[in-house]
Amino acid sequence: MKAFVTGFALLMAFAMWVLPANPAQARNELAVVALDGTKTVFSYDDLVKMPSTTIKTSTPWTEGKHDFTGVSFADLLKNNGIEGGNIRVFALNDYSVTVPAERLTATGAILAYQLDGKAMSVRDKGPYWVIFPFDSDPDLQTDQYWSYAVWQVKSINAQP
């Protein structure tokens with residue numbers, strides 16, 4: 001009986017480690033909230049259907065250069081009625097950072113949903129990751145921009 005209980009406990013611990021913590025993670029949903037409170041929820045499939053941009057760059061968290069594919073913030077924000085102001089980006093672990101919208105759009109940042117042509121799992125900093133073309137401009141290779149590169153993004157909220 002003790003072996004059964006120990007085995008069951010290990011199985012449950014493994015399941016909790018492997019399975020997503022909530023249904024939104026399982027569906028890879030992204031919430032975008034406009035300044036007026038309008039909330040739009042995108043699935044991975046919704047984002048893939050939008051015009052995409054690929055950035056080949058290195059990051060402090062990966063080895064070598066990689067192809068990051070996703071939706072440009074210029075398109076994502078415009079299509080959700082977000083113009084200017086600040087954007088608060090939230091990660092699955094509730095880490096968040098406020099980014100001036102201009103820094104996202106003027107630099108060509110994307111909300112990446114693929115790394116080297118494959119969807120990113122939560123373990124691989126997915127499902128969504130704010131990526132700047134770090135290698136294209138030394139001004140983007142700073143602590144400030146690295147702090148904007150939120151991974152495991154779950155929501156993007158407009159702020160005044």
Side-chain angles (χ1 to χ4, degrees), residues 15-62 65-137 140 142 144-160:
M16 289 178 14
W17 179 63
V18 171
L19 297 175
N22 63 54
Q25 284 179 262
R27 293 187 300 271
N28 293 336
E29 290 180 340
L30 170 76
V32 179
V33 182
L35 199 52
D36 67 1
T38 303
K39 180 179 178 180
T40 306
V41 178
F42 295 94
S43 68
Y44 174 86
D45 291 336
D46 294 333
L47 293 172
V48 170
K49 290 175 188 173
M50 295 176 162
S52 66
T53 301
T54 298
I55 295 174
K56 186 174 196 78
T57 192
S58 58
T59 77
W61 311 280
T62 57
K65 290 188 177 193
H66 293 275
D67 290 327
F68 294 91
T69 302
V71 179
S72 75
F73 271 95
D75 288 344
L76 186 63
L77 298 179
K78 181 181 177 186
N79 291 341
N80 285 280
I82 301 171
E83 298 177 19
N86 291 313
I87 306 301
R88 190 145 187 104
V89 181
F90 290 88
L92 292 173
N93 67 358
D94 290 328
Y95 170 81
S96 68
V97 66
T98 299
V99 185
E102 171 71 15
R103 291 196 181 179
L104 293 166
T105 58
T107 60
I110 65 171
L111 182 68
Y113 50 72
Q114 291 181 352
L115 173 62
D116 295 329
K118 296 178 184 170
M120 294 179 288
S121 70
V122 172
R123 285 190 187 184
D124 296 323
K125 300 188 176 23
Y128 310 112
W129 189 354
V130 177
I131 292 291
F132 292 86
F134 294 112
D135 292 346
S136 71
D137 184 348
L140 299 177
T142 64
Q144 184 69 66
Y145 280 93
W146 291 329
S147 73
Y148 295 156
V150 179
W151 55 74
Q152 298 177 335
V153 175
K154 70 175 178 181
S155 68
I156 297 169
N157 298 15
Q159 309 227 308

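Numbers here are sequence positions counted from 1.
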Enquirer: Please find the pair of heavy atoms, one from G84 and one from A101, that lie closest to each other, and give the distance.
Expert: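 Smallest interatomic distance, heavy atoms only, reads O-CB, 3.6 Å.
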Enquirer: Heavy atoms only: give me the nearest P127-V122 pair and the separation to one decimal.
Expert: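 Between these two residues, the closest heavy atoms are CD-CG2, 4.2 Å.
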Enquirer: Looking at OG1 of T57 and CG of L140, how far apart are the two atoms once the value is rounded to the nearest 0.5 Å?
Expert: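 T57 OG1 to L140 CG: 8.5 Å, rounded to 0.5 Å.
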Enquirer: Are any side-chain N or O atoms of D116 and backbone N or O atoms of H66, one a donor and one an acceptor, separated by less than 3.5 Å?
Expert: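 No: the side chain of D116 does not pair with the backbone of H66.
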Enquirer: Between Q114 and Y44, does any side-chain donor sit less than 3.5 Å from a side-chain acceptor?
Expert: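 Distance-only check passes for Q114 and Y44.
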Enquirer: Mind checking salt bridge (Lys or Arg N to Asp or Glu O under 4.0 Å) for K78 and listing every partner two or more places apart, or none if nothing turns up?
Expert: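 K78 satisfies salt bridge (Lys or Arg N to Asp or Glu O under 4.0 Å) with no other residue.
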Enquirer: With sequence neighbours left out, what residues match D94 under salt bridge (Lys or Arg N to Asp or Glu O under 4.0 Å)?
Expert: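 Expected list: K154.
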Enquirer: What's the verdict on side-chain hydrogen bond (donor to acceptor under 3.5 Å, both in side chains) for S52 and T69, showing C-alpha distance, side-chain angles and the deciding distance?
Expert: CA-CA 7 Å; S52 66; T69 302; over 6 Å; no
Enquirer: Above 12 or not: heavy atoms from other molecules or residues under 6.0 Å from NZ of K49?
Expert: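 Result for NZ/K49: open.
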Enquirer: Find the distance between CZ (R103) and OG1 (T98) and round it off to the nearest 0.5 Å.
Expert: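 Interatomic distance, R103 CZ to T98 OG1, rounded to 0.5 Å: 12.0 Å.
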Enquirer: Atom OG1 of T40 and atom CG of N80: how far apart are they, to the nearest 0.5 Å?
Expert: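 It comes to 4.5 Å.
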Enquirer: Measuring centre to centre across the rings, with the benzene-like ring taken for any Trp, is Y128 within less than 6.0 Å of Y113?
Expert: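 So the answer is no for these two rings.
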Enquirer: About how many Å separate CG of N28 and CG of L47, when rounded to the nearest 0.5 Å?
Expert: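 Reported value, rounded in 0.5 Å steps: 9.5 Å.
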Enquirer: Do you know which two heavy atoms are closest between A112 and I131, and how far apart they sit?
Expert: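 Of all heavy-atom pairs spanning A112 and I131, the closest is CB-CG1, 3.9 Å.
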Enquirer: If you compare all heavy atoms of A158 against all heavy atoms of I87, which two are closest, and at what distance to 0.1 Å?
Expert: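 Answer, listing the atom of A158 first, then I87: CA-CD1, 4.2 Å.
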Enquirer: So F132 and F134, would you call those rings parallel, tilted or perpendicular, with 30° and 60° as cut-offs?
Expert: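 It falls in the tilted class, 30° to 60°.
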Enquirer: Do you know the tightest heavy-atom contact between F42 and M50?
Expert: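 Nearest pair, atom of F42 first, then M50: CE2-CE, 3.2 Å.
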Enquirer: Write down the atom of G108, the atom of I55, and the distance for their closest heavy-atom approach.
Expert: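 Result for this residue pair: O-CD1, 3.5 Å.
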Enquirer: Do we see a donor-acceptor contact under 3.5 Å between the side chains of T38 and D36?
Expert: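 The criterion, which ignores hydrogens and geometry beyond distance, is satisfied for D36 and T38.
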Enquirer: Go through it in stages, so that I can follow the logic: the residues are D124 and W151, the test is side-chain contact (heavy atoms from CB on, under 4.5 Å), and I'd like the CA-CA distance, side-chain angles, deciding distance and then a yes or no.
Expert: CA-CA 9 Å; D124 296 323; W151 55 74; over 6 Å; no
Enquirer: What do you reckon, is CD of E83 surrounded by more than 12 foreign heavy atoms closer than 6.0 Å?
Expert: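 Incorrect, the count does not exceed 12.
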Enquirer: How many angstroms lie between atom CG of L30 and atom CG of D46, to the nearest 0.5 angstrom?
Expert: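 With rounding to 0.5 Å, CG (L30) is 9.5 Å from CG (D46).
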Enquirer: Under the criterion side-chain contact (heavy atoms from CB on, under 4.5 Å), I'd like the reasoning laid out for L104 against V130: C-alpha separation, chi angles, the key distance, then a yes or no.
Expert: CA-CA 9 Å; L104 293 166; V130 177; 4.1 Å; yes
Enquirer: Between W146 (side chain) and P60 (backbone), is there a donor-acceptor pair under 3.5 Å?
Expert: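 No, W146 side chain to P60 backbone: no donor-acceptor pair under 3.5 Å.
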Enquirer: For D135, check salt bridge (Lys or Arg N to Asp or Glu O under 4.0 Å) against everything at least two apart and list the hits.
Expert: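 K65.
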Enquirer: With rounding to the nearest 0.5 Å, note down the distance linking CZ in F68 to CG in L115.
Expert: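 It is 5.0 Å, given to the nearest 0.5 Å.
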